[in-house]
Amino acid sequence: LMTATPLQTYKQTLIDALGEGAFGEYDLSTEYKKLKRHVIELVDSPSKLPSIENMVEEGKRVLVIQNTVPRAIDFYRNLKADGKLLIHSRFAVKDRYDKENEIQGCKVLVATQVAEVSLDVSFDVLITDLAPIPALIQRFGRVNRYGKNAQGTNVYILTETLESPEPYTEFELRKSLQLIEEHLEGINQSGEGSYLDMISDYENRIRAELSSEIFEGRKKASNAFNSIYCIDQQEEDFIRKLRGDPSVLAIPYAYVDEVKRLFSSLRGTDYMARRKLYAQIKSYLLPV
């Protein structure tokens, strides 16, 4: 496990699950502190952002990360720059892979949280919605990824009040903005070692303020479940149904006929052929 956002909560979860001596730890913070790849500016309105079209004309590659799919789609549609590309979680798998193959050649990538992880790409400028500190640091990592020093502002954080904080909470965003404002000078002057201080502060404050709410919530849930008795189901199965699945896989209308054709091809095939057909079918699905 390698991460630029080493939350102690995750580390403790691993220790609890695997045991104290089950893994080794390698701290690369000394190397991390040598980096000064980002100069950050807080912007309270999209109208105050520099022109993306002008940046593209200057030869810069721009990454725009929005917190929700509708915001990303709206931003993409209103963008006039050439070479733009849109990626989010609602594309079918095959289309998502096709789009990821286009990233290296695009001039402006508009994305959601899917750009935070797994994409080994580097852009010259980032424009991002305000997000929790760990998410922001992951987003910063897509800018000047292979450099050591920044030449001028290359990260713009939009601090405007959104209609909804989703998929985060208002509490997370408020705390994150406070911390960014407190650490901004240190980040811009001293470099990325300040990220380690900021993420530690974030985790401490979140834990301190939410622990009592979590305790009360667990107590209420426990009291509620103690008054429920299931005759024909295991308790875990019942709770899972009560909670509901966070998403289901769906077939986009454009691919319904193709998926039906693939399903009809399953009859009479051997195990290896079925595996290949199911893999093809999965490539047309998307989570909703």
Pairwise side-chain contact, [X] with [Y], heavy-atom cut-off 4.5 Å (strictly under):
X      : Y      : answer
Ile40  : Thr153 : no
Asp95  : Tyr255 : yes
Gln178 : Arg174 : yes
Glu172 : Pro132 : yes
Gln280 : Leu262 : yes
Lys175 : Ile133 : no
Gln104 : Val121 : yes

Those residues that, when tested against [X], pass side chain to side chain donor-acceptor pair (under 3.5 Å) (two or more places apart):
X      : answer
Glu58  : none
Asn154 : none
Glu41  : none

- Task: Would you sort out whether Gln66 and Thr112 count as a side chain to side chain donor-acceptor pair (under 3.5 Å), showing the intermediate values?
- Result: CA-CA 5 Å; Gln66 304 277 277; Thr112 55; over 6 Å; no
Within the supplied structure, the quantity of interest is the number of heavy atoms (other residues, nucleotides, ligands) at a distance under 6.0 Å from [X] [atom1]; does it exceed 12?
X      : atom1 : result
Phe23  : CZ    : yes
Tyr271 : OH    : no
Asp98  : CG    : yes
Tyr32  : OH    : yes

- Ring-face cation of Arg61 near Phe123 (centre distance under 6.0 Å, axis angle within 45°): yes
- Task: Would you kindly check if the NZ (Lys) or CZ (Arg) of Lys84 is within the cone defined by 45 degrees around the ring axis of Tyr76 and under 6.0 Å from the six-membered ring centre?
- Result: yes
Under the salt bridge (charged side-chain N to carboxylate O under 4.0 Å, His left out) test, residues paired with [X] that sit two or more places apart:
X      : result
Arg205 : Glu182
Glu102 : none
Glu20  : none

Heavy-atom pair with the smallest gap, counting every atom of [X] and [Y]:
X      : Y      : answer
Val39  : Ala150 : CG2-CB, 3.8 Å
Leu196 : Ser29  : CD1-CB, 3.4 Å
Ala131 : Tyr168 : CB-CE1, 3.9 Å
Glu166 : Asn67  : O-CB, 4.1 Å
Ala72  : Ala111 : CB-O, 4.3 Å
Val108 : Ala81  : CG2-CB, 4.0 Å

Just verifying a value: how many Å separate [X] [atom1] and [Y] [atom2], rounded to the nearest 0.5 Å?
X      : Y      : atom1 : atom2 : result
Leu7   : Ile206 : CG    : CD1   : 10.0 Å
Leu28  : Thr3   : CG    : OG1   : 11.0 Å
Gln113 : Asp129 : CD    : CG    : 9.0 Å
Asp201 : Ser176 : CG    : OG    : 11.5 Å
Ile65  : Gln138 : CD1   : CD    : 10.0 Å
Leu130 : Thr159 : CG    : OG1   : 7.5 Å

In this structure, would [X] and [Y] fall into the same cluster of hydrophobic residues linked by side-chain contacts under 4.5 Å?
X      : Y     : value
Ile137 : Leu63 : yes
Tyr97  : Leu85 : no
Leu184 : Val43 : no
Leu286 : Val69 : no
Leu158 : Val64 : yes

- Could you walk me through whether Arg275 and Asp270 pass the side chain to side chain contact (heavy atoms under 4.5 Å, CB included) test, one step at a time? CA-CA 9 Å; Arg275 281 191 62 180; Asp270 60 24; over 6 Å; no
- Partner of Glu192 by salt bridge (charged side-chain N to carboxylate O under 4.0 Å, His left out), out of Lys34, Arg37, Lys148, Lys36: Arg37
Using atom types as modelled and distance alone, determine if a side-chain donor or acceptor of [X] lies under 3.5 Å from a backbone N or O of [Y].
X      : Y      : result
Ser194 : Ser190 : no
Arg142 : Ala115 : yes
Arg96  : Ala92  : no
Thr5   : Pro134 : no
Asn144 : Asp124 : no
Asn78  : Asp74  : yes

- Task: Please step through side chain to side chain contact (heavy atoms under 4.5 Å, CB included) for the pair Phe140 and Ile157, ending with a clear verdict.
- Result: CA-CA 10 Å; Phe140 299 164; Ile157 302 175; 3.8 Å; yes
- Item | Residue from His183, His38, Lys33 passing side-chain hydrogen bond (donor to acceptor under 3.5 Å, both in side chains) with Tyr195 | His38
- Item | Worked check of side chain to side chain donor-acceptor pair (under 3.5 Å) between Glu203 and Thr9 | CA-CA 8 Å; Glu203 187 172 25; Thr9 303; 2.5 Å; yes
- Would Arg139 and Glu116 satisfy salt bridge (Lys or Arg N to Asp or Glu O under 4.0 Å), going step by step from the backbone distance to the final call? CA-CA 5 Å; Arg139 296 178 188 189; Glu116 290 178 13; 2.9 Å; yes
- Quick one: which of Val62, Val125, Thr128, Leu126 gives a side chain to side chain contact (heavy atoms under 4.5 Å, CB included) with Tyr156? Val125
